Amino acid sequence: MKAVVPTRIATRIAHLGTETAFAVSAEAAAFAAAGNEVYAFHLGDLNIPTPANVVEASFKAISDGKTGYCPNAGIPQLRAALAADVSASHGVPYAAENVAIEPGGKPVIGKFILALMNPGDEVLYPNPGYPIYESQIEFHGGVAVPYGYLEGDTGFAIDLEALEAAITPRTRLLVLNDLQNPMGAECSPAELARLADLAVEHDLTVLCDEAYFDIRYEGKSASLAALPGMAERCLILYTFSKKFAMTGWRLGAAIGPPDIVEVITKLNVNDESCPNHFIQYGALEGLTGDQSGPRHIVEVLRERRDAAVAILSETPGVRCFTPDATFYLFANVSGAMAAKGITSVEDFRRAVLHDTGVSVCSRVHFGRVQPGERESYVRFAYSGIDTSRIVEGLERLRAYLSGDRVEA
Ligand code: PLP
């Protein structure tokens, strides 16, 4: 087929970003297809099955004929059950009218931006962070203003001073991904309080991306939305993807003030009419039925986290924390790169893939690299790889970075 004439494509598409991490998947797949062993740490997907009760309830819903359109904001029972669930975990009284069920958590990002941002408005977003924020802000004509993180002794923390300095009279929105992808960072209560103060002082509306709220090994997750006066300023991105290992089912929700939820529901009407009907009955069972499924998922992930951290912390030139939540390790590999004489983190990522089979994403896959960044990072996702493979792959990496010969 002839190449598509570039001018056929609308000019706005030039502003649409993507998830470049998918290119890493393709690279790893090509390397595996050439007969090489690949240890897949690049994907934020899960290789753990969806809980059986969720699957059964969804099958039953199909048999019961829940196969037509349903209300645009989702079935009332699921909206009510999710409102009750999030009210209990957040200590904020949400009702069904605060909930719009969505085909995944990701669509909440674009719909939040569409609902609240005018062209030219400035939006603060985390960088390194989930790349779709930057993409959606710019695609819809906003100004994407990154805020970064500082590496401390026990983990990463938002550079609050820099964030505050970046606020201007045009700043309208803040995107917060507490329990963060890719860094596993988590705000302290004091940091959340400071962010709440800034939101009030500058009249910001906040997208609280809580995709990893329930993927938690120690302690208890906290939400900015739960702070006094914040529920009316915060839209929560909820997803069934991680807690119930349902990434491919595509089900999430926008939870927040009814005026925003109403606009998001109108966007649903325009985009997909309604979320997939029958899987909402599966999600309802997930929320209200036997909870051993999500508990098992967290236990499996905890074992993987501990196995990965144990080896990485013994690997020369690699520094990584033990996050209490998420399924990511954001490792500082500056020392390992220096030891290998490699200056570009992408060159390092490729060298590691080719010499050990360990496939990771690097910092460049999580938003545009900012001026002045000196340290180099790669992200290990342990959600899609079993513990035995984690140990095998990371032992190869350790051998490689220790200067030992890696067995073919
Ligand atoms: N937000 C963050 C920070 C994520 O990492 C992801 C997925 O990886 C999502 C949102 C969206 O997930 P989903 O669309 O599967 O709910």
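Given the structure is predicted, the values throughout are model-derived calculations rather than measurements. Just follow the structure's listing: the first ligand is 1, and inside any ligand the first atom is 1.
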Student: Is a side-chain donor or acceptor of R304 paired with a backbone partner of I385 at a separation under 3.5 angstrom?
Tutor: yes
Student: Quick one: do the S362 and R349 side chains pair a donor with an acceptor below 3.5 Å?
Tutor: no
Student: Measuring from non-hydrogen atoms of R250 to any atom of ligand 1, is the shortest distance under 4.0 Å?
Tutor: yes
Student: Using distance alone, determine whether D209 and ligand 1 share an N or O pair under 3.5 Å.
Tutor: yes
Student: If you have a sec, work out which protein heavy atom is nearest atom 7 (C) of ligand 1 and how many Å separate them, to one decimal?
Tutor: K242 NZ, 3.1 Å
Student: List the closest protein heavy-atom neighbour of atom 15 (O) of ligand 1: residue, atom name, distance to the nearest 0.1 Å.
Tutor: S241 OG, 2.6 Å
Student: Taking E375 for the side chain and E373 for the main chain, is one N or O donor matched with an acceptor at less than 3.5 Å?
Tutor: no
Student: For S334 and N332, which I'm curious about, is there any donor-acceptor pair between the side chains at under 3.5 Å?
Tutor: yes
Student: Going by the atom numbers of ligand 1, which of them fall below 4.0 Å from some non-hydrogen atom of T239?
Tutor: 13 (P), 16 (O)
Student: Does ligand 1 have an atom under 4.0 Å from some heavy atom of T247?
Tutor: no
Student: As an exercise, identify every atom of ligand 1 less than 4.0 angstrom from a heavy atom of G105.
Tutor: 13 (P), 14 (O), 16 (O)
Student: Would you say the side-chain atoms of R379 pair up with the backbone N or O of H42, donor to acceptor, closer than 3.5 Å?
Tutor: yes
Student: Which of these, F330, Y382, F380, sits in a ring-ring contact (aromatic ring centres under 6.0 Å, His included) with F41?
Tutor: F380
Student: For atom 5 (O) of ligand 1, what is the closest protein heavy atom, and at what distance to 0.1 Å?
Tutor: Y212 OH, 2.7 Å
Student: Would you mind running through ligand 1 and noting each atom that sits below 4.0 Å from a heavy atom of N177?
Tutor: 3 (C)
Student: Does any N or O atom in I109 lie less than 3.5 angstrom from one in ligand 1, N or O only?
Tutor: no
Student: If I apply the N/O under 3.5 Å rule, does Y133 come out as touching ligand 1?
Tutor: no
Student: Assign the ring pair Y147 / Y149 to parallel, tilted or perpendicular, where the plane angle (0 to 90°) is split at 30° and 60°.
Tutor: tilted
Student: Going by the order shown, which atoms of ligand 1 are within less than 4.0 Å of some heavy atom of K106?
Tutor: 11 (C), 13 (P), 14 (O), 16 (O)
Student: Give every residue pair that meets the side chain to side chain donor-acceptor pair (under 3.5 Å) criterion with at least one member in residues 67-83, sequence neighbours excluded.
Tutor: none
